[in-house]
Structures are given as structure tokens and as C-alpha cells.
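Reading through the C-alpha cells given below for one structure.
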Number of protein chains: 2
Amino acid sequence: MKKVTINSVASHAGVSKKTVSRVLNNEPNVSAATREKVLAVFKELDYTPNPIARGLAQNRSFIIGCLYDNPSKSYITRVQTGALEACKENNYNLLIHPCEFRGEALINNIEQLLQTSRLDGIVLTPPFGDFAKLVSFLKSKKIPYARVASALLQDDSISVRSNDEQGAFEITEHLINLGHKSIAFIKGHPDHSATQQRFKGYRRSLASHGIEFDERLVEEGNFSYHSGVDSARSILDLSPRPTAVFASNDYMAAAVLKLATQRQLKVPDDISIAGFDNAPIARHIWPGLTTIAQPVEEMTKQAVTQLISHIAQPQEQPYQVTLESRLITRESTSAIK
Amino acid sequence: MKKVTINSVASHAGVSKKTVSRVLNNEPNVSAATREKVLAVFKELDYTPNPIARGLAQNRSFIIGCLYDNPSKSYITRVQTGALEACKENNYNLLIHPCEFRGEALINNIEQLLQTSRLDGIVLTPPFGDFAKLVSFLKSKKIPYARVASALLQDDSISVRSNDEQGAFEITEHLINLGHKSIAFIKGHPDHSATQQRFKGYRRSLASHGIEFDERLVEEGNFSYHSGVDSARSILDLSPRPTAVFASNDYMAAAVLKLATQRQLKVPDDISIAGFDNAPIARHIWPGLTTIAQPVEEMTKQAVTQLISHIAQPQEQPYQVTLESRLITRESTSAIK
DNA sequence: TGACATTATGACACCGGTGTCAGGAATTTA
DNA sequence: TAAATTCCTGACACCGGTGTCATAATGTCA
């Protein structure tokens with residue numbers, strides 16, 4: 001079976017390569033008759049253009065790169081799902097690039113990636129979207145990029161985020177409305193902007209109820225399960241023990257739950273636990289975790305869709321959107337006795 | 001800043017394009033002096049060859065596709081990790097392609113994928129490696145492929161698997177040695193070959209201890225957490241209740257644990273629970289799950305490494321390897337009272 | 001109906017590499 | 001030292017598309 005190229009189509013249809021190319025790209029200045037003839041040959045020969053040849057001619061790869069370095073694997077999975085949907089709709093492909101966030105090597109690493117892969121654009125997933133050096137590097141190289149779940153910036157970029165501050169506020173409200181006054185908090189990774197946002201929401205809720213903020217109730221985590229275990233240990237050792245714990249993500253919340261259960265504490269009777277993200281684990285454990293559901297897939301999908309349309313036709317104005325998150329109550333939180 | 005191409009290198013070094021190309025590809029018949037001169041210019045101009053141009057000339061894309069459709073997200077993450085390592089070492093990129101396993105559309109879907117992406121090869125992750133139609137389709141299209149964690153076949157392909165039968169045997173032995181005689185079993189997805197293997201190992205262990213196989217203790221799951229909940233319900237309703245449950249993966253085991261805990265059963269005192277895979281959840285819950293650790297990353301890495309070397313230079317003999325798995329005991333299993 | 005604007009089409013170079021082949025330089029052999 | 005062999009090197013076509021520009025065909029208007 002011979003390969004079907006633009007040349008075979010052209011000779012088959014009795015027109016030039018260029019005309020075939022025009023039909024392929026929906027360019028104007030092709031007569032209706034010619035267009036139909038060519039389209040018929042497409043079908044007859046079952047022709048699909050070679051994306052590599054097209055890429056060479058246009059200096060494009062039709063590939064989007066997805067950068068990540070996240071302790072939460074499920075978060076990555078969700079990001080990928082959203083990105084893939086957007087790629088699929090636009091005939092793009094997704095290249096995944098896990099990459100150490102820390103260290104000086106990052107910029108070199110990315111430079112290397114760009115040189116070897118000729119990516120058309122990059123999606124920056126947390127925490128990369130907040131890494132100023134990287135963003136300005138991409139800007140200087142004129143590589144289109146989109147930031148997912150990062151802080152808002154006054155720039156010309158594509159940014160899709162959710163309102164973490166508000167989510168944290170709402171879940172803290174939920175706990176306070178259940179009668180809790182002593183609510184421990186586990187922070188996320190300091191380099192993630194979500195960490196500050198969630199902490200702010202927690203404090204705003206406390207303040208709005210006149211509950212004094214107590215620094216001893218705050219632990220430094222980094223979004224990993226392991227860090228949750230360490231934080232949980234400190235919190236459960238406090239005396240008096242707080243009646244509730246709000247962890248900045250579900251993995252850390254799950255760690256608190258595990259440790260509490262290990263120590264014979266009943267959740268939520270002895271202590272309420274809340275998380276953030278609505279990761280799968282939140283409903284896979286008992287009791288299920290009260291948490292904030294974030295539209296991670298949708299955020300990423302929108303970001304990538306915008307990125308691709310920006311690549312095709314650079315936009316003047318920035319695309320900056322904030323999506324809503326919502327409270328999901330499960331069994332891990334209850335009214336104080 | 002002008003783009004650095006093979007032409008600029010050539011004129012800079014005072015040699016022809018072709019000679020530069022020879023140096024690039026480590027071809028013979030280049031004098032040491034010329035080679036050094038060209039290499040120096042590479043450094044001086046910071047040259048990296050354009051993979052798209054190279055791909056066009058050689059009809060290669062330097063991209064491997066990873067096919068998956070798996071209820072266990074963590075499994076996918078691990079597969080990706082292994083595949084990425086292999087790609088990185090060989091300057092390949094990984095394209096991920098989630099794809100419904102069921103349905104007639106599969107072959108069309110893959111055909112579409114191949115036409116639009118010009119993949120150099122495909123990794124088939126469970127259950128795709130066991131789907132005969134797909135395998136023979138790829139063979140007929142002469143697309144190199146590698147099968148991960150699939151049943152052994154008498155063919156010329158690349159296949160890396162682990163010994164699931166032996167793993168299931170060992171974990172069942174573990175339970176029997178703890179004194180359990182009534183051990184329920186939750187099967188995996190019927191289309192995964194691992195499902196049969198694990199079931200076989202379970203039965204072999206029973207048989208080797210003269211424990212009669214009891215069909216009422218076997219439930220049909222499909223590897224998803226949800227299916228585990230359904231199976232757990234049936235098992236916990238049995239009377240007399242089995243003293244142990246061996247679920248074919250950790251998600252289903254976690255579901256059993258959740259339901260048991262919900263019903264006020266103490267694990268492992270009232271009932272022991274064992275899983276399979278050593279997924280993250282196995283250590284994120286309390287009690288931690290006794291399970292079988294599989295080298296998923298390593299399997300995939302080996303498969304992709306072989307695949308890439310096969311693409312570069314088609315091998316005569318098949319590469320068929322079986323890696324060892326190992327028992328990990330945690331708190332969810334204990335001696336019968 | 002002739003002058004001019006517009007539309008349709010193809011020839012050809014180009015994107016940045018690799019494959020083929022011919023011919024000159026260097027080395028070995030007689 | 002001449003002939004034969006091997007080693008280097010470059011010219012050129014090619015991979016399968018797209019961009020530029022000239023020209024042919026058609027349409028519009030006076």
C-alpha cells in the first residue's frame with residue numbers, strides 16, 4: 001500500500017499541490033467545483049495530512065507541553081484529563097513533562113525541552129505558574145503559555161484559577177457554624193500560591209466570627225501525605241486539643257484522619273477533619289472527608305483551549321478567569337458536642 | 001537572534017550540511033579533525049537539531065504513544081512515570097492517549113491517532129495488551145508496540161509483566177499462615193489478564209493447604225473502588241462471615257475496609273483485609289493494607305526502552321520478561337483469634 | 001466591447017534535516 | 001612508483017507540506 005501524500009491527491013485530482021493545500025486549510029480563492037473535486041479525492045484515497053511535514057513548513061509541532069511537579073498524583077491526573085480534552089478538540093497532542101520545581105536547573109531543563117520538542121505552547125500547573133523567573137523566561141523566548149490555578153497577575157497572559165480564598169473561607173465557616181472555635185490549620189507548600197490563599201480564607205472566616213487567631217494551631221505542611229502526618233502529630237499533641245482540623249488538601253487531611261484513628265480518636269465525634277480539593281481519597285476513606293471541590297479539569301481545559309487559540313491567532317487582551325469551587329460535606333465533620 | 005540550523009553550522013564550520021549530519025548521527029567516515037571542528041561549532045552556536053525536520057526526513061516522530069483505560073488512576077501515574085524515564089533517556093517524548101477499551105470504535109480511534117500523530121511506537125498498558133484485535137491490527141500496520149503486564153503470548157513482541165499468579169499465591173499463603181481458612185476473594189475486571197492470574201494464585205494456595213474452594217466467597221469486581229463497595233457488601237453479609245478478604249487490587253480492598261469500618265467491624269481483629277498493587281492508598285489509610293508490591297514503573301520503563309531500541313533496530317527475538325513482585329505486610333491482616 | 005479589477009491556479013522556493021552517489025584524497029598493495 | 005583500495009567529503013534530490021508571486025480565467029464597469 002503506497003503512502004497517500006499531498007502529491008498523490010494532487011495528481012489524482014488533476015490539480016497542483018498548492019490547490020490541495022488550499023482546500024486542506026480552508027483558504028479562500030478556490031472555486032467550489034475544484035474544492036469538491038479535491039474533497040472527493042480526500043475521501044477516495046483516505047488522505048490525512050502529515051503533521052510532521054506541516055509542522056516543518058510552519059515551524060509548529062501541534063504539541064502542547066504540560067509542566068508539573070506536584071505531590072498530589074491525583075491532581076496531576078485531573079490536570080492531564082482536562083488538558084487532553086482541550087487538545088483532542090483541537091487536534092493537538094499533549095506532552096507531559098514532570099520536572100523538579102526547585103533548583104537552578106529548571107530554566108535549563110525547560111530550555112532543553114523547548115529545543116528538543118518544539119512545543120507550540122506550555123501549560124504551567126501549580127506551582128510553576130507562580131514562578132516569576134520561568135514566566136519571564138518564556139515571555140522572553142516568546143513561547144505561549146497558560147497558567148493554571150496561579151495567582152492573578154497584571155499581565156497579558158492566559159490564566160484560569162479558582163477562588164481558593166473563598167473556598168477556604170466557606171469550609172471554615174462550615175466548621176464554625178458547627179460550633180467549632182478551636183480549629184487547627186495545616187498549610188500547604190510555601191511555593192504554591194494556593195497556600196497563601198487558603199490560609200487567608202481561613203483567617204477571614206475566623207475574624208468574621210470574632211474568633212481570635214492562634215498561631216499555635218497552625219502547622220506548616222507541603223501538600224504531601226507525609227507532611228500531613230508530621231503536622232497531625234503536632235496538632236494531636238496539643239493540649240487542649242483543637243476540636244477541628246482544616247488541612248489545605250485532602251492528602252494531608254487523610255493523614256490527620258489516619259493518625260487520629262491510630263490514636264483511638266473517633267472522627268468526627270472527638271475531632272472534625274476537613275480537607276481541600278475533593279481528591280478521590282476524600283471519598284475512599286471512612287469517614288469521608290468534608291472538602292472543597294475544585295474544577296481542576298475544567299480549569300485546565302479552559303486554559304489549554306485558550307492557549308491553542310492564542311497560538312493560532314495571538315490575542316490582544318488577556319484571558320483571566322476565576323471559576324467557582326464548592327463545599328462538599330461528608331462524615332468527617334460534625335457539630336461539637 | 002537568528003535560528004541556528006544545520007546550514008548555519010555547516011557554513012560556520014566550512015563544511016557541507018551532510019558532513020554536519022554525519023557528525024550529528026555519529027556516522028563513520030568523518031575525519032577526527034573535521035568532527036572536532038563541527039562539534040566545536042555545535043557548542044559555539046548552541047545548536048540543537050530540529051526534531052521535526054529530522055522526523056520528516058526519516059518518517060519518524062520520536063514520539064511514543066501510551067494507551068490506557070484503567071480505573072486505577074494511581075496505576076496510570078506509575079505507568080507514565082516509568083514510560084517517561086525511558087523516553088527521557090532516549091530523547092523520545094511521550095504522548096498519552098486515554099481511550100475507551102470497550103466498543104467497536106477502538107480500532108478506528110487508534111487508526112485516527114496513528115494518522116494524526118505518526119507515532120513511532122505504542123505502549124499497551126492493561127488491558128490493551130490482551131486485546132487480540134488491537135494487537136493484530138498494530139501488527140498488520142507494522143506499528144511497533146510493547147505490552148505491559150499482559151499475558152504471555154507466543155509471538156515476536158515485546159512484553160514485560162510481573163508474576164501476578166505468584167503474588168496472589170503468596171498473599172493467600174500469608175493469610176492462611178495466620179490461621180485463616182475462610183478467605184473471600186474479589187475478582188478484578190474480567191478483561192484484564194491479571195484478573196485470571198490473581199484468581200489462579202488464590203486457588204493454588206487454597207489447594208496446597210487442602211482448603212476447599214468455596215464459590216460463595218468469590219465476588220466479581222472490576223478494579224474500581226465502586227465495584228469494591230458492592231462486593232464488600234455481599235461479603236460482609238455472608239453468614240458465617242469470612243475471617244479474611246483478599247481483593248484483587250488496593251482500591252477494592254480500601255472499599256472493603258471502608259464498609260467494614262462503617263459497620264463497626266474492627267480490622268484486622270474482626271476481619272483481615274489484603275489488597276494487591278501497593279497503590280498509595282494502601283499506606284494512606286488506617287489500618288494500612290497488606291498487599292503485593294508490583295514494579296509497575298520498572299515494567300513500563302523496560303517495555304518502553306525495548307520498544308525504542310526495537311524501533312531503531314528491529315530485533316529478531318522477542319523480549320519477554322517477568323519481574324518479581326513482593327509481599328508487603330501492614331496492619332490490615334493479623335492472626336485469627 | 002474594451003479597460004480594469006478580482007478570483008483562481010500553478011510554478012517554484014523553502015522549512016531543516018537525511019539518503020544516494022560520485023569523485024578526490026589518503027592509504028595500502030604489488 | 002603505479003595501481004588498487006579505502007576513506008572523506010560534498011552536490012543534489014527528497015521527505016510532505018506551506019508561502020510567494022506570476023499569470024490565466026473570470027467578472028465588472030463605463
Side-chain angles (χ1 to χ4, degrees), chain A residues 1-39 41-42 45-63 91 114-118 120 311-313, chain B residues 1-39 41-42 45-63 91 114-118 120 311-313:
Chain A
M1 192 190 78
K2 193 132 179 8
K3 254 182 299 181
V4 180
T5 74
I6 200 172
N7 289 301
S8 27
V9 174
S11 65
H12 224 83
V15 299
S16 72
K17 281 169 76 169
K18 183 61 210 184
T19 300
V20 177
S21 170
R22 287 195 181 93
V23 174
L24 261 182
N25 296 285
N26 274 314
E27 284 175 32
N29 300 340
V30 179
S31 73
T34 309
R35 190 178 297 273
E36 296 224 346
K37 190 169 54 182
V38 173
L39 287 172
V41 176
F42 282 176
L45 301 185
D46 194 20
Y47 170 70
T48 19
N50 181 331
I52 298 185
R54 185 184 281 200
L56 178 60
Q58 300 188 142
N59 196 24
R60 298 172 61 181
S61 62
F62 298 91
I63 295 178
N91 287 314
L114 292 172
Q115 282 179 337
T116 60
S117 315
R118 310 281 154 154
D120 287 353
I311 291 164
Q313 190 162 28
Chain B
M1 192 190 77
K2 192 126 178 8
K3 255 181 302 181
V4 179
T5 74
I6 199 171
N7 288 300
S8 26
V9 173
S11 64
H12 224 83
V15 299
S16 72
K17 281 168 76 168
K18 182 60 209 185
T19 298
V20 178
S21 169
R22 287 195 182 93
V23 174
L24 261 182
N25 296 285
N26 273 312
E27 284 175 33
N29 298 340
V30 179
S31 72
T34 311
R35 192 179 295 272
E36 295 224 348
K37 189 168 54 180
V38 173
L39 287 172
V41 177
F42 282 176
L45 302 184
D46 194 19
Y47 169 71
T48 19
N50 181 332
I52 298 185
R54 185 183 280 198
L56 178 60
Q58 301 188 140
N59 197 25
R60 299 172 60 179
S61 62
F62 298 91
I63 296 178
N91 287 314
L114 292 171
Q115 282 179 337
T116 61
S117 315
R118 310 278 155 155
D120 287 353
I311 290 165
Q313 190 160 27

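Sequence lines set the chain letters: A, B, ... in the order given, protein chains first and strands last, and positions in each chain run from 1.
- The stretch residues 49-58 of chain B touches DNA chain C through B:P49, B:N50, B:A53, B:R54, B:L56, B:A57, B:Q58, each having a heavy atom under 4.0 angstrom from the strand.
- The C1' atoms of five pairs define one axis at each end of the helix from C:dT1-D:dA30 to C:dA30-D:dT1, and these two axes lie 40° apart (to 10°).
- Taking a 4.0 Å limit (strictly below) on heavy-atom distances, residues 22-36 of chain A reaches DNA chain C at A:R22, A:N29, A:V30, A:S31, A:T34.
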Step-by-step side chain to side chain contact (heavy atoms under 4.5 Å, CB included) determination, A:N50 to A:K3 = CA-CA 11 Å; A:N50 181 331; A:K3 254 182 299 181; over 6 Å; no
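- Contact record, B:S16 with B:A10: C-CB, 3.8 Å, taken as the closest heavy-atom pair.
- For A:S8, the side-chain contact (heavy atoms from CB on, under 4.5 Å) partners at least two apart in sequence or on another chain are A:V4, A:T5.
- Taking the side chain to side chain donor-acceptor pair (under 3.5 Å) definition, one finds that B:R118 meets it with nothing, sequence neighbours left out.
- Nucleotides of DNA chain C lying under 4.0 Å from heavy atoms of chain A occupy a range whose first and last members, 5' to 3', are C:dT7 to C:dG16.
- For A:N25, the side-chain contact (heavy atoms from CB on, under 4.5 Å) partners are A:S21, A:E27, A:R54, not counting sequence neighbours.
- Taking all atoms of both residues into account, the shortest heavy-atom contact from B:A13 to B:V41 is CB-CG2, 3.7 Å.
- Within residues 11-20 of chain B, the residues approaching DNA chain D are B:G14, B:V15, B:S16, B:K18, B:T19, by heavy-atom distance under 4.0 Å.
- The side chain to side chain donor-acceptor pair (under 3.5 Å) test applied to B:R60 returns B:Y92, not counting sequence neighbours.
- Residues meeting the side-chain contact (heavy atoms from CB on, under 4.5 Å) test with A:T34, sequence neighbours left out: A:V15, A:T19, A:V30, A:S31, A:V38.
- Taking OG from B:S11 and CD1 from B:I6, the interatomic distance works out to 11.5 Å, rounded to the nearest 0.5 Å.
- Closest approach of B:G55 to A:I52, counting heavy atoms only: C-CG2, 3.9 Å.
- Between B:N91 and B:F62 the shortest heavy-atom distance is O-CB, 4.3 Å.
- A search for side-chain contact (heavy atoms from CB on, under 4.5 Å) contacts involving B:I63 returns A:I63, B:S61, B:N93, B:L95, B:L119, not counting sequence neighbours.
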